[in-house]
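Report on the structure given below.
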Amino acid sequence: MEQQYQPAKIERNAQSHWINTRAFNAKEDAAKKKYYCLCMFPYPSGKLHMGHVRNYTIGDVITRFHRMRGFNVLQPMGWDAFGLPAENAAMKEGAPPAKWTYDNIVYMKKQLQSLGFGIDWERELATCTPQYYKWNQWLFLRMLERGIVYKKTGVVNWDPVDQTVLANEQVIDGRGWRTGALVEKREIPMYYMRITQFADELLGSLDALPGWPERVKTMQANWIGKSYGVNFGFPYDIDGEKKLLRVFTTRADTIMGVTFMAIAAEHPLATHLAESNTRLQAFIDECKRGSVMEADMATMEKKGMPTGFHVTHPLTNEKVEVWVGNYVLMGYGEGAVMGVPAHDERDFAFAKKYGLAIKEVVRAPGKSFSLDAWQEWYADKESGRCVNSGKYDGLDYMQATDAIAADLKTIGLGDKQVQWRLRDWGISRQRYWGTPIPLIHCAACGDVLVPDDQLPVMLPEHLVPDGTGNPLNKNAAFLDCACPKCGKPARRETDTMDTFVDSSWYFFRFATPGANEMIDARASYWMPVDQYIGGIEHAILHLLYARFWTKVMRDVGLSKTDEPFTNLLTQGMVLNHIFQRRGEKGGITYFAPDEVTLVHDTEGKVASARAKGDGLPVDYDGIGTMSKSKRNGVDPQDLIDKYGADTARFFIIFTSPPEQTLEWSESGVDGSFRFLRRLWSFAHDLAALIQAESAKRGGNYSSYTYPPDWPKRAPIFAAVRRELHTHLRQATYDIERHQFNTVASAAMKLLNALSGLPKIAAANVAKEPTHTQLLHEGMAILLRVLSPITPHVTHALWKDLGFGGDLVEAEWPVVDSLALEQDEIELVVQVNGKMRGSMRVPKTANQAEIETAALKLDIVTKFTEGKVPRKIIVVPARLVNVVV
RNA sequence: GCCGGAGUGGUGGAACUGGUAGACGCGCCGGACUCAAAAUCCGGUGCCAGCGAUGGCGUGCGGGUUCGAGUCCCGCCUCCGGCACCA
């Protein structure tokens with residue numbers, strides 16, 4: 001056994017041992033209880049960052065713990081390999097995205113392997129391979145056949161200079177990232193997945209997921225956004241035709257307060273009215289500038305323009321003017337809203353700005369209404385009653401809604417309706433590096449499905465995008481094809497699929513690697529995933545899409561799984577400082593934290609920063625998620641090279657609980673390394689002790705079996721042993737509830753307790769157990785508690801100390817409840833709720849005995865000042881509180 | 001703007017169901033070892049007052065409930081994540 005802790009050597013040995021024994025290769029075994037532990041697969045961006053290390057270490061701790069609990073564990077890994085960054089890198093380097101992607105995969109796989117994760121690499125997959133994306137295409141066609149996929153127009157960001165569609169990320173302050181040109185909204189045809197058809201089930205089955213964090217379920221429920229309201233129409237005549245301007249409202253009780261209507265710039269009525277109104281057309285054009293992001297829409301200045309056109313109020317028959325508003329979204333609801341300034345905050349602001357009438361129609365008791373300033377209660381559904389509303393006066397929210405909905409129904413203009421906030425999922429991307437949408441456009445036959453036997457539609461891997469649109473559009477070899485129906489020359493669809501498609505079912509494929517179909521029978525053994533682990537940033541989109549695809553796969557008959565992830569752990573983001581400088585065209589250059597010098601203010605916060613390169617100022621953008629695009633990631637490789645994988649793993653686990661956001665700082669990583677080194681040298685000393693004792697017993701070392709009366713015979717050892725099992729109990733409790741930082745703490749406490757033992761032993765020579773035997777028991781606990789976090793060093797020590805067998809096959813240690821027993825317990829003593837000291841009482845003491853004992857204490861009499869206690873509160877095994 | 005979360009010593013964090021706030025680390029201070037340094041080991045370390053015993057204050061801010069609040073309730077502030085084409 002080596003004297004020195006040499007992580008590089010230890011880790012190399014342990015890793016090759018696991019490879020040689022195929023320790024982590026999972027086999028379907030109906031006789032064993034399965035446990036499928038999955039971490040969100042990485043985008044191969046180049047190098048691992050700390051978020052990955054955190055994610056996969058958490059997953060590995062859970063994986064290894066469940067192996068110790070006797071489960072048949074599967075932990076796979078693969079690559080979310082399609083996406084925008086590969087195209088950006090390709091533009092920069094003039095090389096194809098495929099090469100960049102595959103190179104990154106090779107490097108990052110090596111990094112993952114060097115961290116010693118217990119991964120079954122035989123199930124590895126990359127979503128950019130035809131073997132994988134073939135099934136994206138295949139299921140897309142099945143969805144198309146079933147009407148789950150359909151075509152309609154959608155709004156995208158358009159860069160007029162590069163003549164290309166931009167991702168939201170590529171729009172900065174309303175301008176294209178490369179050209180600096182003002183971005184326009186453009187409507188183009190796209191394919192959509194009808195996720196709204198599953199809205200009810202996606203919402204309802206959240207209740208069937210007790211293993212998901214409440215916060216994620218709340219976010220998803222709010223995102224799906226089921227609301228009950230009334231859909232109705234405002235009649236109007238145009239070109240001699242009778243039409244209805246339809247709106248949806250959750251506040252039908254305020255219909256009598258409508259003073260204007262607002263419609264989206266893209267609304268057909270707006271388009272029609274603008275034909276004869278150049279000012280309106282100009283305003284509509286203005287509305288079409290800017291980004292399509294909802295956050296921008298919600299924060300921008302609300303603007304509107306009157307059209308001079310009026311519709312008829314369905315209940316009062318009054319004329320109501322129609323406005324075009326830049327804040328009304330065409331893709332949401334009917335693309336039109338009724339304006340009730342008195343009871344909607346946004347309408348109130350709009351009416352104030354443009355001098356529109358404000359008509360109070362709901363009043364709350366004891367509150368007064370004012371036209372000057374908005375009050376929260378104006379929008380309150382609970383306490384108000386209708387006023388100025390004719391026959392509806394005096395009705396409350398529900399009564400008014402029911403009455404008005406009934407009246408609208410009678411005149412055939414509206415009815416109650418359930419409305420969802422959730423919108424259908426637009427999956428078309430006008431980009432190269434993604435799954436080709438398997439359709440062919442034929443002049444004669446229209447959009448034709450690629451026949452199954454011609455799948456996959458192969459993506460050529462040699463193209464290099466140049467920023468001016470999708471290179472597939474210029475590639476004849478890809479474009480030109482024969483129509484599968486009529487055989488005439490036709491054109492292949494060049495849009496590719498959203499990469500969220502790739503990540504919506506990869507967990508199924510991990511369960512069935514190499515399947516001839518999309519998945520096979522092995523899926524029914526492994527699915528659903530027992531524990532899914534990934535960043536909280538995926539709380540809504542990815543998780544919702546994956547749930548949706550799972551349900552589609554079930555409906556198509558591929559599986560019986562309703563929900564893909566039984567338990568979910570959402571780890572907090574790893575954050576770091578962001579530094580940036582704006583270019584002349586409006587583009588942004590990011591600086592890595594180690595490329596800038598900081599100036600702090602008096603509170604220690606970052607005040608300003610300069611680039612080390614040119615000495616010029618850079619802007620400080622605060623802290624945010626580590627990302628390649630913001631250049632604020634930290635490469636864990638430095639840490640691994642310097643300290644080893646075990647230290648990196650221990651540190652990231654120890655420094656924060658999994659679900660909490662983590663501001664990156666390396667201070668303290670030394671402490672993690674010191675702990676492992678201390679563990680190593682302590683174990684080294686113990687090995688010598690065991691050898692000596694073994695020699696004394698004629699070459700036989702035996703551990704000690706503790707009889708029930710043992711604590712009384714060796715009370716000092718009993719105290720140490722109680723401590724060991726207390727820490728074990730805490731570690732077990734904490735690892736089960738996924739609070740791994742305190743599992744690491746418990747391991748440190750265990751070593752501290754063991755370290756103190758030789759000194760105690762020197763003064764108290766007991767015959768049985770010897771202190772070597774107690775150390776032996778303690779070390780067996782410690783190594784196993786620590787093994788999921790730092791598997792390499794514990795693997796080596798387990799072997800060197802001769803515990804027998806392979807540590808990855810060992811069982812999690814069991815708490816000896818006998819070791820925890822005590823005759824006396826300590827109670828906290830309070831006077832009037834203030835801590836004044838403590839006292840020891842026999843375990844068996846009853847309430848009266850505790851009260852009597854407490855009242856005699858100096859620390860109590862001192863503060864009661866002779867007064868008679870009004871009340872004495874005794875919390876068993878915790879405290880006694882004397883109230884005077 | 002909307003939805004979700006977080007805020008505890010100089011610092012990362014701990015505190016189980018409302019019951020000793022600051023476990024375990026980092027840093028810092030002092031000591032041992034050393035020619036010296038590093039490493040290691042031992043001790044101390046929330047703030048204020050006090051030689052001390054001890055007392056007061058203290059979990060983002062302001063209120064409340066309770067014998068007792070970091071924990072529960074109400075109202076704010078700041079920061080982080082998401083907002084449908086970053087993944």
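Values below: every heavy atom of this structure, side chains too, minus hydrogens, waters and symmetry copies. A note on names: the letters A, B, ... follow the listed sequences, proteins ahead of strands, and every chain is numbered from 1.
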Mutual orientation of the aromatic rings belonging to [X] and [Y] [parallel < 30°, tilted 30-60°, perpendicular > 60°]:
X      : Y      : result
A:Y133 : A:F82  : tilted
A:F740 : A:H738 : tilted
A:W549 : A:W505 : parallel

Around [X], counting heavy atoms of other residues, nucleotides and ligands shown, do more than 12 lie under 6.0 Å from its [atom1]?
X      : atom1 : result
A:K185 : NZ    : yes
A:K353 : NZ    : yes
A:Q739 : CD    : yes

- Message: Can you tell me which residue among A:I58, A:L568, A:T570 is in a side chain to side chain contact (heavy atoms under 4.5 Å, CB included) with A:I533?
- Response: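 With A:I533 as partner, side chain to side chain contact (heavy atoms under 4.5 Å, CB included) holds for just one option, A:I58.
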Expressed as a whole number of angstroms, how long is the span from [X]:[atom1] to [N]:[atom2]?
X      : N     : atom1 : atom2 : answer
A:L543 : B:G4  : CG    : C1'   : 14 Å
A:Q739 : B:A23 : CD    : P     : 15 Å
A:I653 : B:A14 : CD1   : P     : 13 Å
A:I224 : B:G4  : CD1   : C1'   : 15 Å
A:R870 : B:U66 : CZ    : P     : 12 Å
A:D734 : B:G13 : CG    : C1'   : 13 Å
A:I652 : B:G25 : CD1   : C1'   : 16 Å
A:F682 : B:C41 : CZ    : P     : 12 Å

- Task: Specify the glycosidic conformation (syn or anti) of B:G7, with syn defined as within 90° of 0.
- Result: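 With its glycosidic angle more than 90° from zero, B:G7 counts as anti.
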- Are A:N104 and A:T101 close enough that a side-chain donor and a side-chain acceptor fall under 3.5 Å?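 The answer is no; no qualifying pair exists.
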- Task: Validate the cation-pi geometry between A:K152 and A:Y192: distance from NZ or CZ to the six-membered ring centre under 6.0 Å, angle to the ring axis within 45°.
- Result: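 Yes, a cation-pi geometry holds between A:K152 and A:Y192.
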- Looking only at atom types and distance, does a side-chain atom of A:W158 sit under 3.5 Å from a main-chain N or O of A:L166, one as donor and one as acceptor?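 Not confirmed, A:W158 side chain does not pair with A:L166 backbone.
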- Ignoring hydrogens and angles, tell me if any N or O in the side chain of A:S627 forms a donor-acceptor pair with the backbone of A:K630 under 3.5 Å.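 Here the side-chain-to-backbone pair exists.
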I'd like a table of atom pairs between the protein and nucleotides 16-22 of chain B - only N or O on both sides, under 3.5 Å - with the distance next to each one.
{"unit_1": "B:G19", "atom_1": "N2", "unit_2": "A:Q830", "atom_2": "OE1", "d": "3.1"}
{"unit_1": "B:G19", "atom_1": "N2", "unit_2": "A:N881", "atom_2": "ND2", "d": "3.4"}

- Query: From A:E345 CD over to A:F348 CZ, what is the distance, rounded to the nearest 0.5 angstrom?
  - Reply: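 Reported value, rounded in 0.5 Å steps: 9.0 Å.
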- Item | Gap between atom CD1 of A:I540 and atom CE of A:M219 - 0.5 Å precision |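 The distance works out to 6.0 Å.
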Can a side chain N or O of [X] be found less than 4.0 Å away from OP1 or OP2 on [N]?
X      : N     : result
A:N741 : B:C24 : no
A:R677 : B:A39 : no
A:K749 : B:C24 : no

Filtered N/O pairs between nucleotides 7-10 of chain B and protein, under 3.5 Å:
none

Polar atoms only, N or O, under 3.5 Å: list the protein pairs with nucleotides 32-34 of chain B and their distances.
none

- Sort by first number and list every stem of RNA chain B: at least 3 consecutive Watson-Crick or G-U wobble pairs, both distances under 3.5 Å.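 So far as stems of 3 or more pairs are concerned, RNA chain B shows B:1-7 with B:77-83, B:10-12 with B:24-26, B:27-32 with B:40-45, B:46-49 with B:54-57, B:60-64 with B:72-76.
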Provide a list of protein-nucleic acid N or O atom pairs under 3.5 angstrom, restricted to nucleotides 52-56 of chain B.
{"unit_1": "B:G56", "atom_1": "OP2", "unit_2": "A:R836", "atom_2": "NH1", "d": "3.4"}

- Query: Please walk me through it: do A:R194 and A:W425 pass side-chain contact (heavy atoms from CB on, under 4.5 Å)?
  - Reply: CA-CA 7 Å; A:R194 220 181 280 281; A:W425 175 15; over 6 Å; no
- Would you mind reporting whether A:P869 and A:V883 have side-chain heavy atoms less than 4.5 Å apart?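 A side-chain contact is absent here, since even the closest heavy-atom pair is not under 4.5 Å.
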- Task: Produce a footprint string for nucleotides 80-87 of chain B: one letter per nucleotide, 5' end first; B if the base is under 4.0 Å from any protein heavy atom, S if only the sugar-phosphate is, - if neither.
- Result: SBSBBBSB
- Salt-bridge present (A:D344, A:R251; N to O < 4.0 Å):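 No, this pair does not count.
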